[in-house]
Participant: 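Take a look at this one; I'll ask things after.
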Amino acid sequence: MLANLTALLSTTLRMATPLILAALGGMFSERSGVINIALEGIMLIGAFTAMAGSYFFSPWIGVLGAVIVGMIIAAAHALVSISFRADQIVSGTAINIFAAGITGFLLRLIFGDAGQSPSVQDVGTWKIPFIKNIPVIGGVFGEQIPFVYIALILVAVSYWILFKTPFGLRIRSVGEHPAAADSVGINVIGMRYIAVIMSGFFAGLAGASLSIGLLDLFVKNMSSGRGFIALAAMIFGRWTPHGAMLAALLFGFADALQMLAQTIGLTFVPRQFLLMAPYILTILALTGVIGRSTPPAADGEPYIKEEV
Amino acid sequence: MAAGNNLAVEMKGITKRFPGVIANDKVDFELEKGEIHALLGENGAGKTTLMNCLYGFLNADEGEIFINNKKVEVTDPNVAISHGIGMVHQHFMLVPPFTVTENIVLGKEPTKNNMIDYKTANQNVRDISKQYGLNVEPTAKVQDISVGMQQRVEILKALYRGADILILDEPTAVLTPQEVKELVKIMESLTDEGKSIIFITHKLKEVKSIADRVTVIRSGKLIDTVKTDTVTTNDLANMMVGREVILEVEKKEANPGEVVLEVEDLYAKNERDLMALNGTSFSVRRGEILGIAGVDGNGQTELTEVLSGLRKKEKGTIKFKGREITKPQTKRLFEEGISHIPEDRQKRGLIMEFKLYENLILGRHDRKPYASGINLNNKKIKEEARRLIEDFDIRTPSETVQAKSLSGGNQQKLIIAREFDRKPDLLIAAQPTRGIDVGAIEYIHNSLITQRDNNKAILLISLELDEILSLSDRVAVIYEGKIVDILDIGDATEEKLGLMMAGAESEEEPEGGGQVG
């Protein structure tokens, strides 16, 4: 029983990690006023890049590559939605479709396989001394893939950036009332670019955590909606890092429960229902059934200077 | 006119063009140190454009700007700010979920170890707020404070950045008369401290009572700059409009008949799901204008919308011509004889992309003579449109242009033509003259009076106290969704209404002046 509990919590944490990372990315973007549904696609491309980096060089070079490629694609989203003021949902959707296409294409081109890549070296795990000897807690936190620790640290760092620094105050001001920010000399366009590119960093990292963290290979379309679930976690967490983390953990828990139910052969709830759980939670979060939350006031609105 | 004297700002030959319009045409403007200088003009005359050029929000196409006798290229607000210019916009540039302090220090935050030093920031805000007598609560969120306090925050924002020259864009529009007095005191204490103030307005009375000098702009052109004690309000009106203006609305004594609309204990929620009408009760009789006065955001919008069927009521009764309307639906109210001039003509009043003749039959488009069966009778519709354009003096090349090509005043006349032509028993006029020129205002005021004299009931909801006072036969003051009291026009003074608009009962002493909305 205790072993099951430990396994459940440990899996929860692991499954929540990509969601936490992507949700943090979405949060920075939306706090600045740009909706970024391209998280899904960026994750997928990040996952592929990380795998390829590990295949040709080393796992950590893969992670670095995923992050860089993530930022480049986010920059494209920024260009289209901030400078060209195109519809942000359309831009995001285009990136998602592109991501599915390009990763599938490169998978076949480089690895000659339509379904999945060969096994590559993953990033392994980190062991935390002392903690790993504590019962249960040690089982959960003592030895995990590095992304788990990175995600938890980034939650704290993001909170600090967003709520304690001038930079964070400015990001939030640009997302709430860009004209007000402009009137005190804040570069609205510049801040939004930075925030969207940051979201690419997080989503790329989230992608790497999928392919060479949770697994050791790339599977076609392996992000499988996690980018959107991360957005739900962000909304559910009211656009705060800690809130998004808690929401992501809830989704991760649903995932872990489903996996545990399979391994120990729980049959009283059909497996399909447990598989559905994260998605149902997502819909409930998005429709506001679980508490209403207000997005940043200028979320999704391009900034145009006042005329006449 | 030698340079190097006592000028804080000098703008020479400023021209700013927008596609299709010249907003400023070679305008000169001078601000002396330590003066309060009014910039007077009608809506759309180009006052705000000129100031946006000075503040760097817009870049002038031609002309030169001197600040403290130094030529400056004001390319963006940062340049203006660094030269000591601060602007208080008409629509406040404040971030509602941020605290007062956060709003003030935004963009220039004091830091300690890379973090915002909130302790110092709050202290700085307290210091300057004390220095200039601008009372604010540093840690309160802007969305929770009164409009008067929000304005003080805006002024503090400019002062915090070291502004010596303040531009106030229509600062009195959102204030009660008492708050206006307080603002004037603040402005005077600022000039005592050596600041110079430019004060944009279209209200003549304020120019006389507040400013030292006034510059008048009409249709983008400079008319004149004069000392305010050398001119009368009528002179100013003539300069602003370019012809004789009758400032007083002429009307006979009202002769009210039976009650047409009776509203009792009405409750309704606003967009944010909060109760905006909290038991509103009043009645309107035939042959009278009932004015609803109040500071913006006290339930006026919701009241208009409930009475025109655009918003659901939570509770309460609405009786029209003696019968209760249990489910107010737009179409039904419309057929019963209620007409509605919405507060936002572009959003609710017209379909901007539609032609004039199409706009003129909206709501009646399915009836004879405009429709027969499933077809529109366009010939008849255009004929009627031409008649209305003629009758209501709508200035347009033809009935086939889009509504968006008309000026604000003519758009408003278009709505009035449509609504009056239906010969309603009750007319709800919400902000009927917002943002339009004086000529159109005169026209609309006179037509409201004519409708009243034709025995119609009129409910006038307006944020302009002067408008309420000059048109109404009775005045109801709304505060936090409740009617504070209803006064006969003979008893309604600006002073009394002002106190009631801040929530005080008419007989009682006011409590805490600025706490409204």
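Every chain is numbered from 1 and lettered A, B, ... according to where its sequence line falls, protein lines coming before strand lines. Note that these values count all heavy atoms, side chains included, but never hydrogens, waters or copies made by symmetry.
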Participant: What are the two closest heavy atoms between A:Asp182 and B:Phe57, and how far apart are they?
Facilitator: OD2-CE2, 3.5 Å

Participant: Please identify, among A:Ala297, A:Ser183, A:Pro296, A:Ala179, the residue contributing the most non-hydrogen atom pairs under 4.5 Å to chain B.
Facilitator: A:Ser183

Participant: Give the interface residues of residues 164-176 of chain A toward chain B, defined by a heavy-atom separation under 4.5 Å.
Facilitator: A:Lys164, A:Thr165, A:Pro166, A:Leu169, A:Arg170, A:Arg172, A:Ser173, A:Glu176

Participant: For B:Asp76, is it the side chain, the backbone, both or neither that has a heavy atom under 4.5 Å from a heavy atom of chain A?
Facilitator: neither

Participant: So for atom CG, which belongs to B:Asp61, do other residues, nucleotides or ligands contribute more than 12 heavy atoms lying within a distance under 6.0 Å?
Facilitator: yes

Participant: What residues, two or more places apart in sequence or in another chain, satisfy side-chain contact (heavy atoms from CB on, under 4.5 Å) together with B:Ile128?
Facilitator: B:Gln131, B:Tyr132, B:Leu156, B:Tyr160

Participant: Measuring heavy-atom distances to chain A, does B:Lys157 have an atom under 4.5 Å in its side chain, in its backbone, in both, or in neither?
Facilitator: side chain

Participant: Quick check on B:Tyr118 against chain A: is it the side chain, the backbone, both or neither that has a heavy atom closer than 4.5 Å?
Facilitator: side chain

Participant: Considering non-hydrogen atoms only, spot the tightest contact between B:Val95 and A:Ala180 and give its length.
Facilitator: CG2-CB, 4.3 Å

Participant: Taking every non-hydrogen pair under 4.5 Å, which of B:Gly86, B:Pro97, B:Gly46, B:Pro96 racks up the most with chain A?
Facilitator: B:Pro97

Participant: Using the side chain to side chain contact (heavy atoms under 4.5 Å, CB included) rule, take A:Val184 and B:Arg161 through it: C-alpha gap first, then chi angles, then the decisive distance, then the call.
Facilitator: CA-CA 9 Å; A:Val184 292; B:Arg161 288 168 172 73; 3.6 Å; yes

Participant: Side chains of B:Leu94 and A:His177: closer than 4.5 Å at any heavy-atom pair?
Facilitator: no

